[in-house]
Amino acid sequence: MTKVYKFAMPSLSLMGSGALQAAGEEIKSMGFHKALIVTDEVLVQIGIAAKVQDVLTGAGVESVVYSGTKPNPTVTNVREGLAMLKEADCDMVVSLGGGSPHDCAKGIALVAANGGEIADYEGVNRSAKPQLPLVAINTTAGTASEMTMFCIITDEIRHIKMAIVDKHTTPAIAVNDPDLMMAMPKSLTAATGMDALTHAIEAYVSVDATPITDACALQAIGLIRDYLAAAVRDGSDAEARDRMAYAEFLAGMAFNNAGLGYVHAMAHQLGGFYNLPHGVCNAILLPHIERFNATAAAVRLRDVAKELGVDVEGLSAEEGAARAIEAIEALAAEVGIPKGLAELGVKEADFDTLATNAMKDACGATNPIQPTHSQVVELFRNAM
């Protein structure tokens, strides 16, 4: 039987300078009364959370702030935020930040509507009802969590990242205002940008890729080629920030519908086990997993090389794939990504556990090759 492909994204997405103010008008029309803002302490301290509260006040919506989100949001974060939401009698959720607040907010909103614990929804489409309405306001250009159905929550007891892939976690409104991204430090700009590149490449080589996701992925790769290094060099470069916001959103459109692969399946384990930054783990793993994937996806990786600025004329698929991997490594080096996992404190003694958990991760299902346990261990070793 022919497979039917679906394409999902928020019903409304606001892009460009001034998108935050435009979001206020949209929220006003939705008739909500009180919002839980899910964010982190940094965005509270630098005043961005207060700006969002002002926008909500202008829209006639009261708000309370949960700012306890950790860089790798946890089951405890979801419980704490849910308790605050119930105590304040909120009827909507606003996430503010990058992937961590967005994922935490999705977890809160999903459990608020469906009950139970967030761990009950690990896997694919485990919920019965849509989450509480969520408006996701982005301050980074990488995770695309503001527009996807992916929610990643760390289980502190099991030391793993739970992948919750659920149509009911898609935000109602995604907001990408580059004015909110100017304060991102160089290291975060680099890590989130390489995360976006990983999303685009994994979606392009995915077994569930379609012409729609291909178009999004290739456009994202080209924008990252042209603007990531510029955004890292000068965080106040308005054009670079704006184009990277489009790049990460396009990459999100791609992987939200085509899926990801073993870069993410493995990176999730590193984040959950060692509490490491997701974008950096992705960036280190990406060339190694794509070198492994090249035996099945060389033609597609040659396309990636072309979008990364490589002249592929006359190159075989295998030669083009090799050049793609070289270009990925060169960009990672240019923006200051560590060379290997050893620099992050990863230990070879943990590879067996990491590999076992990676093979259970929902993101691996659409990888072009399904590796064995020993191959996953070897991939971790190669990335050291």
Side-chain angles (χ1 to χ4, degrees), residues 8-16 18-30 32 35-40 42-44 48-49 51-53 55-56 59 61 63-67 69 71 73 77-78 81-82 85 90-113 118 130-153 164-181 184 192 195-196 199 244-253 255-257 278:
M9 61 185 295
S11 57
L12 178 64
S13 300
L14 302 171
M15 308 289 297
L20 176 60
Q21 294 300 321
E25 293 302 312
E26 297 295 337
I27 292 169
K28 185 176 183 178
S29 70
M30 297 167 77
F32 294 113
L36 174 72
I37 300 174
V38 179
T39 189
D40 58 42
V42 172
L43 293 175
V44 171
I48 294 181
K51 286 184 180 180
V52 172
Q53 285 193 286
V55 169
L56 290 171
V61 178
S63 61
V64 293
V65 177
Y66 173 69
S67 61
T69 309
N77 289 155
V78 173
L82 182 63
L85 179 143
C90 298
D91 57 354
M92 71 170 297
V93 181
V94 174
S95 57
L96 173 66
S100 300
H102 297 323
D103 284 358
C104 187
K106 289 176 181 180
I108 293 166
L110 192 68
V111 177
I118 189 59
Q131 66 185 2
L132 214 61
L134 170 63
V135 175
I137 302 171
N138 220 11
T139 63
T140 68
T143 70
S145 187
E146 83 284 357
M147 59 81 61
T148 70
M149 65 179 78
F150 285 69
C151 171
I152 309 298
I153 302 294
I164 298 154
V165 186
D166 197 307
K167 61 186 178 183
H168 288 149
T169 65
T170 303
I173 302 176
V175 182
N176 273 285
D177 189 330
D179 296 345
L180 300 178
M181 301 175 184
M184 262 198 297
T192 54
D195 189 18
H199 293 155
M244 280 304 301
Y246 276 103
E248 72 90 33
F249 192 86
L250 284 160
M253 291 171 68
F255 88 81
N256 195 42
N257 296 282
H278 176 66

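Everything quoted here is computed from the prediction, not taken from an experiment.
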Inset, instruction - Check the pair Ile164, Ile152 against side chain to side chain contact (heavy atoms under 4.5 Å, CB included), reporting the backbone distance first and the verdict last. - result: CA-CA 6 Å; Ile164 298 154; Ile152 309 298; over 6 Å; no
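- Proximity of Leu36 to Tyr66: side-chain heavy atoms (C-beta onward) are separated by under 4.5 Å at one or more points.
- Considering only heavy atoms from C-beta on, Leu134 stays 4.5 Å or farther from Met92 through its side chain.
- In terms of modelled atom types and a separation under 3.5 Å, the side chain of Ser11 and the main chain of Ala172 share a donor-acceptor contact.
- In terms of heavy atoms, Ala22 sits closest to Leu14 at C-CD1, 4.0 Å.
- Between the side chains of Lys106 and Ser95, no donor-acceptor pair of N or O atoms lies under 3.5 Å.
- Listed by chain and residue number, Thr69, Asn77, Ser100, Asp103, Cys104, Ile153 satisfy the side-chain contact (heavy atoms from CB on, under 4.5 Å) test with Pro73 (two or more places apart in sequence, or in another chain).
- Looking at every heavy atom in both residues, Ala144 comes nearest to Gly252 through CB-CA, 3.5 Å.
- Side-chain contact, His102 with Asn138: a donor N or O sits under 3.5 Å from an acceptor N or O.
- Below 30°, between 30° and 60°, or above 60°: for Phe150 and Phe255 the angle between ring planes is above 60°, a perpendicular geometry.
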Inset, instruction - Evaluate side chain to side chain contact (heavy atoms under 4.5 Å, CB included) for Ser67 paired with Thr39, printing each intermediate quantity in order. - result: CA-CA 5 Å; Ser67 61; Thr39 189; 4.3 Å; yes
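- With rounding to the nearest 0.5 angstrom, the NZ atom of Lys51 is 9.5 Å from the CD atom of Gln21.
- Among all heavy-atom pairs drawn from Gly99 and Ser145, the shortest one is CA-CB, 4.0 Å.
- Under the side-chain contact (heavy atoms from CB on, under 4.5 Å) criterion, Thr170 pairs with Pro10, Met149, not counting sequence neighbours.
- Contact detail for Asp179 and Gly18: the closest heavy-atom pair is OD2-N, 3.8 Å.
- Distance check: Leu250 CG to Met147 CE gives 8.5 Å after rounding to the nearest 0.5 Å.
- Residues meeting the side-chain contact (heavy atoms from CB on, under 4.5 Å) test with Met15, sequence neighbours left out: Asn176, Tyr246, Phe249.
- Under the 4.5 Å side-chain criterion, counting only non-hydrogen atoms from C-beta, Thr139 is not in contact with Met184.
- Contact check for Val38 versus Leu96: no side-chain heavy atoms found under the 4.5 Å cut-off.
- Considering only heavy atoms from C-beta on, Leu85 comes within 4.5 Å of Cys90 through its side chain.
- Side chains of Met181 and Thr140 form no contact here, defined as non-hydrogen atoms less than 4.5 Å apart.
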Legend entry - Residue pair Ile37, Leu56: steps toward the side chain to side chain contact (heavy atoms under 4.5 Å, CB included) verdict: CA-CA 10 Å; Ile37 300 174; Leu56 290 171; 3.7 Å; yes
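- At a cut-off of 3.5 Å, with distance as the only test, no side-chain donor of Gln131 or Thr169 sits close to an acceptor on the other residue.
- Across all their heavy atoms, Glu248 and Gly142 have their closest contact at CB-N, 3.5 Å.
- Using a 4.5 Å heavy-atom threshold, the side chains of Leu132 and Asp91 count as separate.
- Contact detail for Leu20 and Asp177: the closest heavy-atom pair is N-OD2, 3.1 Å.
- No side-chain heavy atom of Val175 sits under 4.5 Å from any side-chain heavy atom of Glu146.
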